[in-house]
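What follows is a short report on a single structure.
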Amino acid sequence: MKVTDGWTVPGFIHVRELGGGSSGQVFQAVDDVTGTEVAIKYLSDRLLDDGAFITRFREESRQLSLLEDPNIVDFYQYVESPPDGRAAIVMELVDGVSLRKVLATQGPTGPLGALAALSGSLLALAAAHAAGIVHRDYKPANVLVRRDGLSKVLDFGIASRAGGAPEYLAPEQWLGAPPDPAADLYAATAVFFECLTGQIPYPAQSATALETAHRSGPIPIESVPGPLRDLVARGLAKDPAARPASAAEFLGELDDAAVAAYGPAWETQGRDRLAEMTSLAAVTDWTPPSPRTSPQPTDHARPGTGAPRRPGVLIGAVVLAVIVAAAGVAWYGASAAQPGHKVGDTGKTASPPPSRRSSQPPAASPATPDELAARISKAVSEKKTASFTYRRAAGGNDAVSATGVFRFGSKAATAYDMTVWNPAGGADSSKKLRTILVGGIAYVASGGWHPAPAVRVATRRDAPHVYGSMAANTRWATSTYNVLALLHASPTVKAVPWTPANGGGVKGLSYSGVASPTKLGQEPMVGPLYDQYTDGRFRVTYTVKVGADHLPQRLDVKLQSVAIPSKQTIFHIVYSRWGRKAAITAPA
């Protein structure tokens with residue numbers, strides 16, 4: 001085991017081994033300065049002996065460290081120790097179970113669970129592909145499902161020249177084509193098929209038979225539920241050009257099929273299904289099969305290039321004292337959860353401590369959007385402050401990510417202290433900068449505090465104006481004014497029960513609705529967020545999840561073109577720690 005071979009990543013106390021596979025062993029560890037819990041993967045000799053892989057991965061590591069998405073396991077650092085010939089990856093610890101264990105112990109997920117898993121993976125792949133990163137080895141073992149049903153993809157770029165698992169390998173890769181986004185979509189669809197049916201698409205035993213099946217065998221859609229056959233046929237198309245053009249486009253097709261077949265609450269129901277299966281899998285004894293030599297194509301997968309958060313390669317005894325302060329701390333899930341063992345999830349999607357006053361939603365739940373808005377407004381006005389994470393996923397490089405704290409004002413715009421960046425942006429917006437937003441001014445920490453108007457600015461590319469614009473977008477989307485505006489712009493809402501992550505039995509409700517873009521554009525506090533969608537060509541759908549106390553815990557908003565369904569913008573907001581101390585003032 002690498003930890004006993006004379007070298008460990010400096011600056012960490014190793015707690016226990018979590019498991020491993022052909023790519024290496026994984027350990028739970030703690031930063032000895034900050035106390036941050038992480039997972040450390042010590043790369044296997046198979047990877048270390050592959051010079052082309054090491055060269056490529058060094059180049060990709062910085063881009064991987066820049067990759068920021070709730071559906072991606074955070075990659076913190078790649079560390080090498082040249083004298084020992086060892087290398088390791090430091091990453092987020094995730095409180096969850098691998099999809100491989102879920103399927104092995106619980107069987108197929110069913111349509112809703114499979115759709116939720118594929119949706120999360122497509123969001124992750126879309127973010128990675130936008131940054132120029134190809135996964136190369138997408139498979140169930142590289143998908144972790146948290147206890148709230150959210151799935152997260154890990155091990156981007158970890159496959160060597162030998163390529164990914166052959167059971168999920170695209171036809172063109174058997175002919176020597178390098179991994180690319182289309183190959184990732186093929187692998188993701190193959191795993192989707194396995195979630196639906198409990199079987200891989202082509203269960204051939206020999207390399208020759210497996211290659212023949214992937215390259216020319218009929219797509220086995222007859223075992224797939226009827227409403228989802230087109231998705232499987234598209235994703236498993238033999239010709240890469242016949243597959244969806246991008247993960248984002250595939251995500252749009254998936255949502256259309258899911259809504260048509262299972263209704264607008266499909267994602268909530270699917271995640272609930274995954275959460276239930278994950279909870280059962282976590283307490284089920286299971287030993288992962290020993291790594292085996294799988295049938296492989298003979299000469300495929302020339303190393304590609306990737307695209308990355310901070311300088312990614314640390315050579316020698318450099319202490320990783322500061323990882324990412326706001327990064328999620330959770331259980332890695334490379335092996336089965338230990339019965340009775342639980343590591344608290346204190347990460348960026350953590351929920352507030354559960355209330356013990358009630359284990360059920362209020363007896364009289366709000367019946368109309370306005371009633372719900374009134375309940376939320378009252379609850380928020382009592383707490384006033386909260387932590388948040390925000391992600392805006394959109395076409396091109398029009399993306400925003402932010403994390404921080406806000407103070408809600410009943411008569412004035414919400415004040416923010418945040419770190420904001422554009423994960424898909426260039427040099428002028430991809431750097432994470434602290435930004436304080438008070439009133440109409442954003443103060444950007446870039447070599448000192450620089451004030452800029454908190455408005456949308458399309459013509460200015462200097463840092464204060466770019467970050468002021470992103471900060472304004474963050475406030476419009478994450479402020480609870482947006483939750484209230486969406487409700488006021490909806491004729492009805494549909495409620496389903498929901499159990500928050502780490503909720504301790506406390507139940508809430510998840511409300512889904514369709515809002516009028518025209519009405520949203522007229523709202524004074526959030527109108528600038530929606531004014532470009534008020535021409536009648538966009539459909540706005542949303543889901544807001546609240547606890548028993550009616551404090552928002554998650555908001556998801558989708559703005560989708562009516563004419564071009566794949567053209568869409570999605571907002572994901574997670575709220576936590578309501579009522580925390582947050583004195584936000586303008587910098588001197």
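- Counted by atom type alone, T403 and Y390 present zero donor-acceptor pairs between their side chains at under 3.5 Å.
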Evaluate side-chain contact (heavy atoms from CB on, under 4.5 Å) for T474 paired with M418, printing each intermediate quantity in order. CA-CA 9 Å; T474 299; M418 71 180 86; 3.9 Å; yes
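- With L231 as reference, L115 is the one residue of L115, T189, V224 to meet the side chain to side chain contact (heavy atoms under 4.5 Å, CB included) rule.
- With contacts defined as side-chain heavy-atom distances shorter than 4.5 Å, the pair V15/V30 qualifies.
- Side-chain atoms of Q28 and R16 form a donor-acceptor pair, as typed in the model, at a separation below 3.5 Å.
- Using modelled atom types, no side-chain atom of K238 and backbone atom of E172 make a donor-acceptor pair closer than 3.5 Å.
- Put simply, the side chain of D50 gets close to the backbone of F53: a donor and an acceptor are under 3.5 Å apart.
- Between Y186 and H214, the two ring planes are tilted [angle within 30° to 60°].
- T109 places a side-chain heavy atom less than 4.5 Å from the side chain of L274.
- Considering only heavy atoms from C-beta on, D255 comes within 4.5 Å of V259 through its side chain.
- A salt bridge is absent between K152 and D95; no separation between the charged side-chain nitrogens and carboxylate oxygens falls under 4.0 Å.
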Go through it in stages, so that I can follow the logic: the residues are R271 and D148, the test is salt bridge (charged side-chain N to carboxylate O under 4.0 Å, His left out), and I'd like the CA-CA distance, side-chain angles, deciding distance and then a yes or no. CA-CA 7 Å; R271 284 192 181 176; D148 62 355; over 6 Å; no
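- Considering CD1 of I221 and CG of L196, their distance stands at 12.5 Å, rounded to 0.5 Å.
- A donor-acceptor pair is defined here as one N or O able to donate and one able to accept, closer than 3.5 Å; such a pair exists between the side chain of H135 and the backbone of L154.
- Looking at V26 and I40, their side chains never come closer than 4.5 Å, going by heavy atoms from C-beta outward.
- Among all heavy-atom pairs drawn from Q173 and A183, the shortest one is OE1-CB, 3.3 Å.
- Using a cutoff of 4.0 Å between basic side-chain nitrogens and carboxylate oxygens, E222 and R229 are not scored as salt-bridged.
- Side chain to side chain, Y168 and E194 meet the donor-acceptor criterion of an N or O pair below 3.5 Å.
- When atom types are taken as modelled, the side chain of Y202 and the backbone of P218 share a donor-acceptor pair closer than 3.5 angstrom.
- Counting only distance, with no hydrogens or angles, the side chain of D137 and the backbone of A165 share a donor-acceptor pair below 3.5 Å.
- At least one side-chain heavy atom of F193 sits less than 4.5 Å from a side-chain heavy atom of P220.
- Geometric assessment of K101 against the ring of W286 yields a negative cation-pi assignment under the 6.0 Å and 45° thresholds.
- For S23 and K41, the side-chain atoms include at least one donor-acceptor pair closer than 3.5 Å.
- A distance of 5.5 Å separates CG in L118 from CZ in F250, rounded to the nearest 0.5 Å.
- Once rounded to the nearest 0.5 Å, the distance linking OG of S119 with CG of L112 reads 12.0 Å.
- Between R234 and E253 there is a salt bridge, since a side-chain N of the basic residue sits under 4.0 Å from a carboxylate O of the acidic one.
- Across every non-hydrogen atom of L433 and S446, the tightest pair is CD1-CB, 4.1 Å.
- Side-chain atoms of D184 never come within 3.5 Å of backbone atoms of V134 as a donor-acceptor pair (strictly under, hydrogens ignored).
- Between Y533 and F538, the angle of the ring planes goes over 60°, which puts this pair in the perpendicular group of the 30/60° scheme.
- The backbone N or O of Q560 sits nowhere less than 3.5 Å from a side-chain atom of Q568 that would complete a donor-acceptor pair.
- The distance from atom OG of S223 to atom CD of Q199, rounded to the nearest 0.5 Å, is 9.0 Å.
- To the nearest 0.5 Å, atoms CZ (R215) and CG (L169) are separated by 12.0 Å.
- With contacts defined as side-chain heavy-atom distances shorter than 4.5 Å, the pair C195/L99 qualifies.
- The minimum heavy-atom distance linking W174 with A207 is given by the pair CZ3-O, 4.1 Å.
- Under 3.5 Å, the side chains of D556 and H572 contain a donor-acceptor pair of N or O atoms.
- Although no hydrogens or angles enter the test, the distance criterion places no donor-acceptor pair under 3.5 Å between the side chain of K558 and the main chain of F571.
- Summarising the local packing, CG of D49 is surrounded by more than 12 heavy atoms from other residues, nucleotides or ligands at distances under 6.0 Å.
- Side chains of Q25 and E17: a donor-acceptor N/O pair is present below 3.5 angstrom, by distance only.
- Counting only heavy atoms from C-beta outward, the side chains of F75 and I133 never approach each other to under 4.5 Å.
- Put simply, the side chain of R146 does not reach to within 4.5 Å of the side chain of T278, judged on heavy atoms.
- Checked by atom type and distance alone, the side chain of N473 never pairs as donor or acceptor with a backbone atom of V400 at under 3.5 Å.
- Rounding to the nearest 0.5 Å places CZ of F156 at 9.0 Å from OH of Y138.
- Here the side chain of R56 pairs a donor or acceptor atom with the backbone of G157 at under 3.5 angstrom.
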Determine, step by step, whether E80 and R58 satisfy the salt bridge (charged side-chain N to carboxylate O under 4.0 Å, His left out) criterion, reporting the C-alpha distance in whole Å, the side-chain angles of both residues, the deciding distance to 0.1 Å, and the verdict. CA-CA 10 Å; E80 288 185 1; R58 283 181 186 144; 2.7 Å; yes
